[in-house]
Amino acid sequence: MNATNRSHGALVKRLEFKDGCGPDRKLPPMRRIAHIDMDAFFASCELSQYPELRGVPMVVGGRRSDAPTVKPDGTREFARLRDYVGRGVLTTASYEARKFGVRSAMPTMTAARLAPDAIILPVNFELYRKHSRLFKEAVASVSSVIEDIGIDEVYCDVSMLEDDSETIARRLKTAVVEATSGLTCSVGLAPNKLLAKLSSEMQKPDGFTILTMEDLPGRVWPMAASKINGIGPKANERLASFGIDTIGDLAEREEPWLIEKFGRSYGAWLYRVAHGLDDRPVVTYSEPVSMSRETTFERDLHAVRDREELGTAFKALCDQVAADLARKGYVSKKIGVKLRFDDFKTVTRDVTLPSAIGDARSLRKAASSCIKRIDMVRTIRLLGIKAGTLSRPGSVEDAEDSAQLELKFE
DNA sequence: TCTGGGGTCCTAGGACCC
DNA sequence: TCTGGGGTCCTAGGACCC
């Protein structure tokens, strides 16, 4: 993803510049940012390959064994949620499944209680990546100033286009539906990313919404504060404890009060978003910060009794991270491990190496030194390996590290 | 029938250096 | 001998997002 997108800290810094005499003082007079969000993306991708599931409650998030089988007469047989056993959460639910109260990120077992007859499909990332590429190419045909924010979402700066906003929104939607042979999206068009993101959600699915600053009191302030990107469950709970439920409630508070309750950075940010202020640019390129792999076991493993199984998983994860680094052309200076115990408590340990590495053997060595520092008090639910502080082999940073090392050995 | 996997950014304390 | 800050790096944990 990218560095500035979800950072209220960065946002605050830039706004301070704008108020003062910093370099960002002269902004273009009229920005227009589109947020394009695919509708129930994974489910829609699956429908395009299994059209017989159209109109049927369906969820994505199963295991490979949930893949449909082909019967002798050529028709497909699908797994049902009621037959699901094991751990996991849903990745997506079709709109028909949502009518039963099923939501993405819901534990699959909970969903099975709500909609036992719903079809369950395993995640098929290859398929989604294919449609994602087509979707993004379609958006790029309208404006190439695009910020990637996930497999099914982009921001797009359309300030330089001459058409009116409604024409642009329609052009974006038509381009996407044609490029993906029928996948729909929802478009929000507004003066900044904050409002664009809020507006794309207002007429979902397959709609578009145009928002201006004048719409703030009438259309934005009635929305729940938690709709704002950056106000998660914790912050929302804290806000609710002060009687702040909507964005309008938030806008009624003075900035000093918000800063007093939520801190300098977050408080100032809350004040600004409540008033629809956000001048983050659309960032078209960003370098990755870390790469990681993790796995949740089918059953909790014991550090000693299940040593072999843990070792196998550990090696596989290191191999995967090494392969990811190699494929994308990075090396890492910071290797870390993550463990989740049966009580869901998560611990991490990491180590900064004297020089960047990328091969599986060095990765395993660094990661096992981290694991040794963890007190194995309970059985283990999840194991993860992460490579951070990335650089490209042969880059300036990489060369500097090597030079430092040589000096040490002289 | 609890709670996936891959990310980003922020905070805070301690070490260490100037 | 005592008493300071500021800056940067490292580490661990946590909030948040898709």
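As a basis for the values below, the full set of heavy atoms in this structure was taken, side chains included, without hydrogen atoms, waters or symmetry mates.
Checking the phosphate oxygens (OP1, OP2) of B/dT3, a side-chain nitrogen or oxygen of A/R381 falls inside 4.0 Å. Residue A/R113 places no side-chain N or O under 4.0 Å from the OP1 or OP2 atom of B/dC2. Checking the phosphate oxygens (OP1, OP2) of C/dA12, a side-chain nitrogen or oxygen of A/R349 falls inside 4.0 Å. For the OP1/OP2 pair of B/dG6 and a distance below 4.0 Å, the side-chain nitrogens and oxygens of A/S290 include no atom meeting the criterion. Residue A/K345 places no side-chain N or O under 4.0 Å from the OP1 or OP2 atom of C/dG14. The phosphate of C/dC18 has neither OP1 nor OP2 within less than 4.0 Å of any side-chain N or O from A/S104. OP1 or OP2 of C/dC18 lies within a sub-4.0 Å distance of a side-chain N or O belonging to A/N229. In this model, the phosphate group of C/dG13 is approached by a side-chain N or O of A/T348 to a distance below 4.0 Å at OP1 or OP2. Of the side-chain N and O atoms in A/S292, one or more sit less than 4.0 angstrom from OP1 or OP2 of B/dG7.
Separating the CZ atom of A/F135 from the P atom of C/dC18 is a distance of 13 Å, rounded to the nearest angstrom. Remark: P of B/dT1 and CG of A/L81 are 14 Å apart, rounded to the nearest angstrom. Atom CZ in A/R293 sits roughly 13 Å away from atom C1' in B/dG4 (whole-Å rounding). A/K386 has its NZ atom 12 Å from the P atom of C/dA12, to the nearest Å. Following rounding to the nearest Å, A/D152 (CG) and B/dG7 (C1') show an atom-to-atom distance of 14 Å. In this structure, A/D375 atom CG and C/dA12 atom P are separated by 14 Å, rounded to whole Å. The nearest whole Å value for the distance from the CZ atom in A/R340 to the P atom in B/dG4 is 6 Å. Between the CD1 atom of A/I231 and the P atom of C/dC17 there is a distance of 9 Å, given to the nearest Å.
Between B/dT3 and C/dC17, the distance separating the two P atoms is 23 Å to the nearest Å. C/dG4 sits 16 Å from B/dC16 when the C1' atoms are compared, rounded to a whole Å.
Within the 4.0 angstrom heavy-atom criterion, only backbone atoms of the sugar-phosphate kind lie near A/R373; the bases stay farther away. Nucleic acid contact class of A/M106 (heavy atoms, under 4.0 Å, all strands): none. Note on A/V351: only backbone sugar-phosphate atoms sit closer than 4.0 angstrom, heavy atoms only; bases stay farther off. As judged by a 4.0 angstrom heavy-atom cut-off over every strand, A/I228 is placed among residues touching the sugar-phosphate backbone only. A/A235 comes within 4.0 angstrom of sugar-phosphate atoms only, judged by non-hydrogen atoms across all strands, and of no base. Residue A/V123 is classed as having no contact, given no heavy-atom separation below 4.0 Å to the nucleic acid. Within the 4.0 angstrom heavy-atom criterion, only backbone atoms of the sugar-phosphate kind lie near A/T352; the bases stay farther away.
Closest to the side chain of A/T295, out of B/dG5, B/dT3, B/dT8, is B/dG5. Taking every side-chain heavy atom of A/L382 into account, B/dG5 is the closest of B/dT8, C/dG13, B/dG5. Of the candidate nucleotides B/dT3, C/dC16, B/dT8, B/dT3 has the atom nearest to the side chain of A/V89. With B/dG5, B/dG4, C/dT11 as the choices, the nucleotide that has an atom nearest any side-chain atom of A/A105 turns out to be B/dG4. Among B/dG5, C/dC16, C/dG13, the nucleotide with an atom closest to any side-chain atom of A/Y266 is C/dC16. The nucleotide whose nearest atom lies closest to any side-chain atom of A/M109 is, among B/dG6, B/dT1, B/dG4, B/dT1. The side chain of A/E294 lies closest to B/dG5 when the candidates are B/dG5, B/dT11, C/dC16.
Heavy-atom distances to DNA chain B give each of A/G86 and A/K328 a nearest nucleotide, and the one nearer the 5′ end belongs to A/G86. Mapped onto DNA chain B by nearest heavy atom, A/R87 and A/Q320 fall at different nucleotides, with A/R87 at the one closer to the 5' end.
Across A/V351 and A/R373, no two heavy atoms sit closer than the pair CB-NH1, 4.2 Å.
B/dT1: glycosidic angle within 90° of 0, hence syn. C/dC2 adopts an anti glycosidic conformation, its chi angle falling more than 90° from 0.
With respect to A/E166 and A/R170, a salt bridge is recorded, a charged nitrogen being found less than 4.0 Å from a carboxylate O. Between A/K193 and A/D278 there is no salt bridge, since no side-chain N of the basic residue sits under 4.0 Å from a carboxylate O of the acidic one.
For the pair A/R392 and A/Y330, the distance from NZ or CZ to the six-membered ring centre is under 6.0 Å and the angle to the ring normal is within 45 degrees. Annotation: cation-pi pair A/R238/A/F242 absent, no NZ/CZ under 6.0 Å from the ring centroid and within 45° of its normal.
Side chains of A/S186 and A/D39: a donor-acceptor N/O pair is present below 3.5 angstrom, by distance only.
With both pairing distances under 3.5 Å, C/dG13 is matched to B/dC10 as a Watson-Crick or G-U wobble pair. Nucleotide C/dC18: paired with B/dG5 (Watson-Crick or G-U wobble, both distances less than 3.5 Å).
Put simply, the side chain of A/I146 does not reach to within 4.5 Å of the side chain of A/Y155, judged on heavy atoms.
Counting heavy atoms of neighbouring residues, nucleotides and ligands inside a 6.0 Å radius, atom CZ of A/R76 exceeds 12 of them.
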